[in-house]
Amino acid sequence: MRIVHYPHPALRHRSQPVRCVDKQLHLQIGEMKELMYKAKGLGLAAPQVALPFQLLVMNVTGDAGKPECEEVFLNPGIVERKGSVEDEEGCLSFPGLYQKIRRAKTLKVQAYNLKGELVEKAVSDLEARAWQHEIDHLNGVLFIDNMGPIARLASRGSVKSFEREFRKAQEKGDFPADVEIEKILAALEGQT
Ligand code: CO
């Protein structure tokens with residue numbers, strides 16, 4: 001498992017709900033947490049490791065030494081949004097790119113936990129930002145899509161270089177061609 005960078009097709013793929021919490025899912029979640037901490041992220045969505053499922057891991061402290069702040073959300077959704085605030089945001093699938101993004105300030109969110117219980121909570125500020133960012137990933141939406149015109153223009157060169165890097169990696173055989181990746185994602189979806 002590895003974190004894939006834009007424009008890996010998994011990042012534009014709409015995720016399927018998780019239907020079964022089995023041993024394999026637990027292993028995948030463990031690996032995702034490890035990758036998130038290693039990359040110094042606050043959250044990681046399954047599409048970022050090329051898994052087409054509605055699954056997020058989060059620790060808004062970003063501190064692996066605070067496992068009590070670690071959270072896993074299955075089939076999450078935002079049920080209410082309030083307010084609006086602009087702040088700097090990055091994404092592990094665009095390493096090094098940071099831009100100001102406008103997001104709702106507070107949210108009411110729902111998700112299933114690993115015990116299969118539906119949990120609802122109110123989140124605000126940084127945590128609300130992380131939620132909106134990660135939920136977008138599950139819908140194939142990326143933070144570059146949420147940039148205003150200035151941030152978008154400022155990111156153009158960086159986005160182009162991510163595109164060049166990924167195509168180069170495909171040419172080298174580090175990643176299959178896009179159509180092959182789509183087939184792999186469809187096969188993974190069929191397993192649940
Ligand atoms: Co991201």
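Just so you know, these numbers come straight off a predicted model, no measurement behind them. One-based numbering, in listed order, for ligands and for the atoms of each. Heads up: numbering here begins at 1 and tracks the sequence.
- Comment: Arg103 does not engage Asp125 in a salt bridge, judged by the lack of any side-chain N to carboxylate O separation of less than 4.0 angstrom.
- Between Phe94 and His5, the gap from one ring centroid to the other reaches at least 6.0 Å.
- Near-neighbour remark for the Co ion (ligand 1): protein N, O or S atoms under 2.8 Å are Cys91 SG, His133 NE2, His137 NE2; waters not counted.
- A donor-acceptor contact closer than 3.5 angstrom links the side chains of Glu163 and Tyr6.
- Arg14 pairs by the salt bridge (charged side-chain N to carboxylate O under 4.0 Å, His left out) definition with nothing, not counting sequence neighbours.
- Applying the ring pair (Phe, Tyr, Trp, His ring centres under 6.0 Å) test to pairs two or more places apart or on separate chains, none has a residue in residues 11-38.
- Legend: ring pair (Phe, Tyr, Trp, His ring centres under 6.0 Å) pairs involving residues 67-87, not counting sequence neighbours, sorted by first then second residue: Phe73-Trp131.
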